[in-house]
Amino acid sequence: MTKHALLIGSGSCLPDRVVTNDELAVRLDTSDEWIRTRTGITRRHMAGPDDTAASMAARAAQAALDYAGLVADDIDAIFLATATPDQAFPATAVRVQALLGMTRGFGFDISAACSGFIFALATADAYIRSGMIRKALVIGSEVYSRILDWSDRGTCVLFGDGAGAVVLSASDEDDGRGLLATHLHSDGTLGDLLYVDGAVGQPDKTGHLVMSGRDVFRHAVSKLSSAVDEALAARGLAYADVDWLVPHQANIRIIEGVGKKLGLPPERVVVTVDRHANTSAASIPLALDEAVRDGRIRKGDLVLLEALGGGLTWGSALVRM
Ligand code: COA
């Protein structure tokens, strides 16, 4: 029986276009000061006309494969988290499979909004630990700019576009490295706090993201606190054992709240929300990739990932790099 899924590579894709808070303030009743002080966001990347969840995911995945020293046909499965798929079907994951030139294996999409990457990681981990596959691409890719109501200042300033990917590989070594724990939760009774208004079952609706910001904030603080406790308790670890927190990047106040709870100094919390805004399922792999590539996160470090999103969904993952 395989013991662990090792995280052996990561990659990112951010669209070229950068939109600052000041640019938004030209056409909206908002200000750089309001957005920065409430959320920590200063700018975000925005997809160009040719960028899609699949195209950005493929670029992030190729970067992760290159980092891991693998080619696409080394991969057995693609688990792709997105709330903004290119099409209802085929799954964005199989579009990515084609873009990578991958001639074998399988792929499917996972829908858990901003928690999507944690859900995809947990799924890939289970497939690897069961022995069903040995190598997986786990991707989060989003184009929220296409589901935002650009006249709603309460939501459109909060999100950005991008994709991040990691490669997981089965390891039979018992060296303590790899994915140590994953925990997933959802509560469908809270579905109306954050949702997209319209799809196949609601053809007369706008297709725009709708959010009760204050309620989501309140749930995020309490549910993410219990998610980090649950992750550490599963392995008998303490706050002091955590080297890095790589949280979902929704709001700097939520991120700092969890960091403080863990007793982590701010420099041990990876933050990208200032430059990327909330890229939903892409935010954790984007942040992780940045900190791996700039040398902050190193082999052997204990990294705690957590996220909350529409559903509500929430969860955590603990990784020894
Ligand atoms: N610019 C200026 N003013 C704005 C604004 C903007 N972009 N957006 C909202 N406001 C105004 C509101 O209209 C309101 O004005 P009023 O008091 O005159 O009615 C005021 O600011 C306060 O709005 P409110 O929504 O209560 O602000 P808040 O302090 O709760 O902050 C969020 C709003 C969205 C930043 C905050 O609730 C939040 O971060 N929630 C969590 C969101 C989240 O993480 N979502 C993703 C989860 S994956």
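Both counts, for ligands and for their atoms, begin at 1 and track the order of listing. The figures here come from the full heavy-atom set of this structure, side chains too, leaving out hydrogens, waters and symmetry mates.
Between Asp76 and Arg104 there is a salt bridge, since a side-chain N of the basic residue sits under 4.0 Å from a carboxylate O of the acidic one. Salt bridge present: Arg153 and Asp29 bring a charged side-chain N and a carboxylate O closer than 4.0 Å.
Here is the list of ligand 1 atoms found below 4.0 Å of a heavy atom in Cys114: 48 (S). Residue Ala250 has at least one heavy-atom neighbour below 4.0 Å for each of these atoms of ligand 1: 44 (O). Near Gly154, meaning under 4.0 Å from one of its heavy atoms, ligand 1 places the atoms 8 (N). Per-residue contacts place Arg38 under 4.0 angstrom from the following atoms of ligand 1 (heavy atoms of the residue considered): 22 (C), 27 (O), 28 (P), 29 (O), 31 (O). Near Val157, with a cut-off below 4.0 Å to any heavy atom, the atoms of ligand 1 are 7 (N).
Of the listed options Arg218, Arg253, His219, Arg253 places a heavy atom closest to atom 36 (C) of ligand 1. Residue nearest to atom 38 (C) of ligand 1, selected from Ile35, Ile254, Val273, Asn251: Asn251 (by heavy-atom distance). Remark: among candidates Arg153, Glu33, Gln249, the nearest residue to atom 11 (C) of ligand 1 is Arg153, based on non-hydrogen atoms.
Side-chain contact check for Ser283 and His248: at least one donor-acceptor pair (N or O, by modelled atom type) lies under 3.5 Å.
Without hydrogens or angle criteria, His183 side chain to Ser316 main chain gives no donor-acceptor distance under 3.5 Å. Put simply, the side chain of Thr39 never gets that close to the backbone of Arg36: no donor and acceptor are under 3.5 Å apart. Under a 3.5 Å cut-off, the side chain of Arg235 and the backbone N or O of Leu180 do form a donor-acceptor pair.
For atom 1 (N) of ligand 1, the closest heavy atom belonging to the protein is Thr30 OG1, 2.6 Å. Regarding atom 33 (C) of ligand 1, its nearest protein heavy-atom neighbour is Trp34 CH2, 3.9 Å. For atom 46 (C) of ligand 1, the closest non-hydrogen atom on the protein side is Asn278 ND2, 3.6 Å. Summary of contacts: the protein heavy atom closest to atom 26 (O) of ligand 1 is Arg214 NE, 2.8 Å. At the top of the distance list for atom 47 (C) of ligand 1, counting protein heavy atoms only, stands Val216 CG1, 3.7 Å. Here the protein heavy atom with the shortest distance to atom 41 (C) of ligand 1 is Gly213 O, 3.5 Å. What sits closest to atom 34 (C) of ligand 1 on the protein, heavy atoms only, is Leu158 CD1, 3.9 Å.
In this structure Phe119 satisfies the ring pair (Phe, Tyr, Trp, His ring centres under 6.0 Å) test with no other residue, sequence neighbours excluded.
By the definition of a contact as any protein heavy atom under 4.0 Å away, atom 20 (C) of ligand 1 is not in contact. Protein heavy atoms come within 4.0 Å of atom 13 (O) of ligand 1. Of the protein's heavy atoms, at least one falls inside 4.0 Å of atom 44 (O) of ligand 1. Less than 4.0 angstrom separates atom 29 (O) of ligand 1 from at least one non-hydrogen atom of the protein.
By the 6.0 Å contact criterion, CZ on Arg298 is open, its count of non-hydrogen atoms from other residues, nucleotides or ligands being 12 or less.
Contact annotation for Leu308 and ligand 1: only backbone heavy atoms (N, CA, C, O) come within less than 4.0 Å of the ligand. When heavy-atom distances to ligand 1 are checked against a 4.0 Å cut-off, Thr39 comes that close only through its side chain, counted from C-beta outward.
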For side-chain contact (heavy atoms from CB on, under 4.5 Å), just list the numbers for Val19 and Leu24, CA-CA rounded to whole Å, side-chain angles, deciding distance to a tenth of an Å, and then say yes or no. CA-CA 7 Å; Val19 177; Leu24 294 182; 3.9 Å; yes
Check the pair Ile284, Leu121 against side-chain contact (heavy atoms from CB on, under 4.5 Å), reporting the backbone distance first and the verdict last. CA-CA 11 Å; Ile284 290 177; Leu121 202 61; over 6 Å; no
For side-chain contact (heavy atoms from CB on, under 4.5 Å), just list the numbers for Arg320 and Asp243, CA-CA rounded to whole Å, side-chain angles, deciding distance to a tenth of an Å, and then say yes or no. CA-CA 10 Å; Arg320 178 76 67 186; Asp243 295 305; 4.1 Å; yes
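Taking all atoms of both residues into account, the shortest heavy-atom contact from Ser10 to Tyr67 is O-CB, 3.7 Å.
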Identify every side-chain donor-acceptor pair in residues 55-63 under 3.5 Å, counting partners at least two apart or on other chains, and give the distances.
from  : atom 1 : to    : atom 2 : distance (Å)
Ser55 : OG     : Thr52 : N      : 2.9
Ser55 : OG     : Thr52 : O      : 3.2
Gln62 : NE2    : Asp66 : OD1    : 2.9

